[in-house]
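Just below is one structure, and these are the notes that go with it.
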Amino acid sequence: MTVTYTLEVSKAKFWGFPKLLARWKGSIYRLIYREMLVFLIAYYTILLVYRYLLDVEQKRTFEAIALYSREFCSEVMVTFVLGFYVTLVMGRWWQQYMNIPWPDRISMQIAAYVNGTDERSRMIRRAMARYLNLLTLFTFQNTSTVIKKRFPTMEHLVAAGLMTEEEKAELDNTATPHGVWWLPAHWFVQLAVLARRECRIHDDFHLKTLIDDVMEFRGMCGMIWSYDWISVPLVYTQVVTIAVYSFFAASLFGRQYLYNSEAPNSFPIVDYYVPLFTIFQFFFFVGWLKVAESMICPFGEDDDDFDLNWIIDRNIQIAYQIVDQLHGRTPKLSKDPLWDEAEPTLPYTEASAAFKTEPHVGSTTAMNIPEKAAQWEATDVMPAICEEDGANYYIRKNKDLDDDDDGDSDTASQPSRLRRSRQRLPGLMPGYSRQNLASRVGSKFGSLNSVFGVKPPSSPPIPSVRKMSISRARNMDSNMSDFSDTLIRDSQLNIESFNTCNVLDGDAEAVMANAPPVLQMLPTPSEKVYNATALQNVPEHGVLDLTEPEMPRKMSIQGVQGVQGIQGPATTFDDHNSASEISDSNSQTLLCKKSDDE
């Protein structure tokens with residue numbers, strides 16, 4: 001019973017949709033012509049009473065009622081309520097169609113899995129296909145008025161050849177208050193198990209596949225049963241119906257053409273005879289409501305309801321053909337006509353030649369990029385930086401950039417500043433900050449001592465308690481890391497002339513004049529610098545106590561003490577693995593190693 005017009009709209013053309021307005025079956029006119037006649041009769045009845053039967057005073061009263069009704073019509077949100085309702089009903093309508101079971105897939109599995117050409121094998125296959133259709137019939141018999149009228153009782157199914165007397169007796173003997181529409185699915189499963197025991201189904205996997213698919217088939221029938229049981233909430237349907245019909249009940253008075261010149265009359269003179277736009281509104285709103293009414297139960301007798309009779313007939317014929325007439329039948333195997341063609345090209349008729357197109361290769365394939373715009377943005381090629389020397393490169397690079405910025409920050413051009421900012425970015429990466437670098441340098445001392453077999457020196461006692469502000473400690477941390485990097489990198493450093501661990505009393509002032517900032521910050525050469533880089537546990541605003549023994553030790557410089565002379569060998573390694581070993585009279589040794597990854 002479904003009205004289809006797909007062919008008429010297969011091509012967008014002039015006056016395409018308006019041509020569909022001339023159809024009657026399934027049209028809006030057929031749905032609402034009765035309601036429209038009742039509305040127009042009521043409208044013209046009130047019009048005649050107002051114009052010819054009421055006196056002057058009664059007309060004034062009627063005009064007041066008409067103005068009040070007109071105000072009501074402008075307040076009711078019919079479009080909002082109807083929109084949500086029709087959307088809900090439309091979704092249910094389509095989901096019910098998607099849950100209509102089709103036996104084609106399971107019928108093909110029956111033909112493939114249930115083997116045998118004898119009469120019993122054929123009986124099993126046909127019985128399984130029939131049980132699928134019985135399951136569908138029992139579902140629609142209890143949910144569709146069309147199928148119920150065609151097969152009112154079980155005797156009609158027996159007379160139609162869809163069920164045997166033994167199966168009817170089995171149904172009658174099954175005592176359950178919840179219906180027996182699901183019983184054919186149980187018969188199907190039991191028959192499949194029997195076929196497996198008789199080795200007509202050769203594999204347990206095939207048996208499981210059949211059972212899983214029939215359970216899915218049964219679930220779709222159950223969904224149709226559920227849609228019949230759970231309707232759209234009645235209160236929602238009532239709200240929509242009251243909103244639409246009350247709107248047009250008020251329109252019977254509010255849309256009348258009033259005679260009184262004092263009353264505001266916004267209607268044109270054409271409404272004196274025919275309420276033209278009121279009729280259009282009636283088409284829109286009442287037609288919308290009637291559409292929802294016809295779609296809320298698609299298994300009924302409306303023009304656009306699903307044609308279940310055709311579905312039942314089709315399913316039975318297709319299922320029997322697949323499991324019986326077509327079982328084991330295939331065309332003769334031979335080479336296809338395109339056997340020797342690697343890339344076959346199908347011909348076009350003259351009617352379809354205009355639709356031949358080239359294959360799609362991507363929307364940007366034909367896009368041309370100018371040669372100048374295709375150049376890389378960076379003019380200088382960045383040198384390859386391995387994991388080993390990345391840290392030292394960026395520290396030296398950032399230091400040089402900081403010096404340049406101090407000198408010509410006001411006169412530097414915008415491109416140069418932009419290039420510097422990009423070159424600084426790797427220095428901000430985790431693991432390459434100065435504090436982390438210095439801490440990693442300190443962590444290497446222990447590993448070097450263990451490699452060379454040197455016992456790390458014990459911390460000497462702190463001669464005095466000295467407290468330092470955090471800002472100054474952080475400056476020392478930065479300077480210390482720069483100094484340690486410079487000391488380690490420079491393999492030509494004369495350790496006897498300038499000892500970073502011990503300073504002679506007599507040369508203290510000369511040495512301190514050329515010493516790095518971390519040493520110049522100390523008031524006297526005999527003061528000890530200890531744990532200058534361990535700042536991660538210091539609060540943001542506070543005082544750093546350099547004599548705190550619990551502070552985590554990142555790096556220790558046995559340094560600047562007044563020792564009367566330097567004893568012990570001084571060794572310098574190559575540029576890639578350099579170290580300076582300095583031993584005093586107390587055999588205190590400091591190993592400073594430059595690693596390529598720091």
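A quick note: this is a predicted structure, and the numbers were derived from the prediction, not measured.
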Which heavy atom in Ile32 sits nearest to a heavy atom in Lys290, and how many Å separate them?
CG2-CG, 3.5 Å

Should we say atom CE of Met215 is surrounded by more than 12 heavy atoms from elsewhere, each under 6.0 Å from it?
yes

Tell me whether Asp55 contacts the main-chain N or O of Gln58 through its side chain, where contact means a donor paired with an acceptor under 3.5 Å.
yes

Do Phe80 and Phe84 have their ring centres less than 6.0 Å from each other?
yes

Please say whether more than 12 non-hydrogen atoms of neighbouring residues, nucleotides or ligands are located less than 6.0 Å from CH2 in Trp24.
yes

Just how far is it from atom CD1 of Ile311 to atom CD1 of Ile100, taken to the nearest 0.5 Å?
4.0 Å

In this structure, are over 12 heavy atoms from other groups packed under 6.0 Å from Gln325 atom CD?
yes

Let me confirm one number: the CD1-CG distance from Ile316 to Leu137, rounded to the nearest 0.5 Å.
5.5 Å

Is Arg23 salt-bridged to Glu8, going by a charged N under 4.0 Å from an acidic O?
yes

Side-chain donor/acceptor of Tyr236 to backbone N/O of Tyr85, under 3.5 Å
yes

Short N-O contact, Asp204 and Lys208, less than 4.0 angstrom:
no

Between the CG atom in Leu183 and the OG1 atom in Thr176, the distance rounded to the nearest 0.5 Å is 9.5 Å

Nearest heavy-atom approach of Val158 to Thr164 is CG2-O, 4.1 Å

Using modelled atom types and a 3.5 Å cut-off, is there a donor and acceptor pairing between side-chain atoms of Tyr43 and backbone atoms of Val274?
no

If we ignore hydrogens and angles and just use 3.5 Å, is the side chain of Gln190 paired with the main-chain N or O of Trp187 as donor and acceptor?
no

On a heavy-atom basis, the closest approach of Gly300 and Thr145 is CA-OG1, 3.9 Å

Is the shortest heavy-atom distance from the side chain of Leu157 to the side chain of Phe138 under 4.5 Å?
yes

Under 4.5 Å between any side-chain heavy atoms of Val78 and Trp288, yes or no?
no

Between Ile124 and Glu198, is the side chain to side chain contact (heavy atoms under 4.5 Å, CB included) condition met? List the steps.
CA-CA 11 Å; Ile124 293 176; Glu198 295 178 358; 4.0 Å; yes

Examine distances only and state if a side-chain atom of Ser231 and a backbone atom of Tyr227 form a donor-acceptor pair shorter than 3.5 Å.
no

Atom pair CD/NZ of Glu358 and Lys356 - distance to nearest 0.5 Å:
7.5 Å

What closest approach, in Å, do Trp181 and Cys221 show between heavy atoms, and which atom pair accounts for it?
CZ3-CB, 3.9 Å

Looking at Arg130 and Glu167, is there a salt bridge between them, counting it only when a charged N and a carboxylate O are closer than 4.0 Å?
yes

Residue pair Leu308 / Ser144: nearest heavy atoms and the distance that separates them
CD1-OG, 3.3 Å

State the CG-NZ distance between Asn309 and Lys149, to the nearest 0.5 angstrom.
11.0 Å

Would Asp302 and Arg30 satisfy salt bridge (Lys or Arg N to Asp or Glu O under 4.0 Å), going step by step from the backbone distance to the final call?
CA-CA 11 Å; Asp302 295 325; Arg30 187 171 180 178; over 6 Å; no

Before accepting this row, confirm whether a basic side-chain N of the pair Arg122/Asp118 lies closer than 4.0 Å to the acidic partner's carboxylate O.
no

Anything under 30° is parallel, anything over 60° is perpendicular, the rest tilted; go ahead and classify Phe62 against Phe253.
tilted

Is the shortest heavy-atom distance from the side chain of Asn315 to the side chain of Trp102 under 4.5 Å?
yes

Whether the Glu63 and Tyr50 side chains hold a donor-acceptor pair (N or O, under 3.5 Å, no angle test) is what I'd like checked.
yes

Between Asp313 and Arg150 (salt bridge meaning N to carboxylate O under 4.0 Å), is one present in this structure?
yes

Pair Phe299, Gln96 - check side chain to side chain contact (heavy atoms under 4.5 Å, CB included), show working.
CA-CA 9 Å; Phe299 303 128; Gln96 290 180 71; 3.4 Å; yes

Between Phe151 and His156, is the ring centre distance below 6.0 Å?
no

Given Phe39, which of Phe283, Phe285, Phe282, Tyr33 fulfils the ring-ring contact (aromatic ring centres under 6.0 Å, His included) condition?
Phe282

When you measure from the side chain of Arg125 to the backbone of Gly116, do you find a donor-acceptor pair of N or O atoms at a distance under 3.5 Å?
yes

Distance col, row Gln256:CD vs Tyr44:OH, nearest 0.5 angstrom, shows 9.5 Å

Would one find more than 12 heavy atoms of other residues, nucleotides or ligands at under 6.0 Å from atom CD of Glu371?
no

Taking all atoms of both residues into account, what is the closest heavy-atom pair of Ser69 and Gly254, and its distance?
CB-N, 3.7 Å

Evaluate the ring pair (Phe, Tyr, Trp, His ring centres under 6.0 Å) criterion for residues Phe140 and Trp225: first the C-alpha distance (whole Å), next the side-chain angles of each, then the deciding distance (0.1 Å), finally the verdict.
CA-CA 8 Å; Phe140 290 142; Trp225 185 281; over 10 Å; no

Just so I know, are the side chains of Phe188 and Ile106 near enough to count as touching, which here means a heavy-atom distance under 4.5 Å?
yes

Applying ring pair (Phe, Tyr, Trp, His ring centres under 6.0 Å), which residue pairs with at least one partner in residues 319-359 are found, sequence neighbours left out?
none

Is any side-chain heavy atom of Phe248 closer than 4.5 Å to a side-chain heavy atom of Glu35?
no

Before you tell me yes or no, could you show the steps for Ile224 and Met220 under side chain to side chain contact (heavy atoms under 4.5 Å, CB included), namely the whole-Å CA-CA distance, both residues' side-chain angles and the distance that decides it to 0.1 Å?
CA-CA 7 Å; Ile224 292 176; Met220 297 175 74; 6.0 Å; no

Could you tell me whether the side chain of Val114 reaches within less than 4.5 Å of the side chain of Met128, counting heavy atoms only?
yes

Side chain of Asp340, backbone of Leu338: donor and acceptor closer than 3.5 Å?
no

Test item: Arg51 and Tyr257 side chains (from C-beta on) under 4.5 Å apart, heavy atoms:
yes

Please lay out, stage by stage, how Thr139 and Trp182 fare under the test side chain to side chain contact (heavy atoms under 4.5 Å, CB included).
CA-CA 8 Å; Thr139 302; Trp182 49 268; over 6 Å; no

May I ask you to say whether Arg126 pairs ionically with Asp324, meaning some side-chain N is under 4.0 Å from a carboxylate O?
yes

Tell me, do Val232 and Arg92 make a side-chain contact under 4.5 Å, heavy atoms counted?
yes

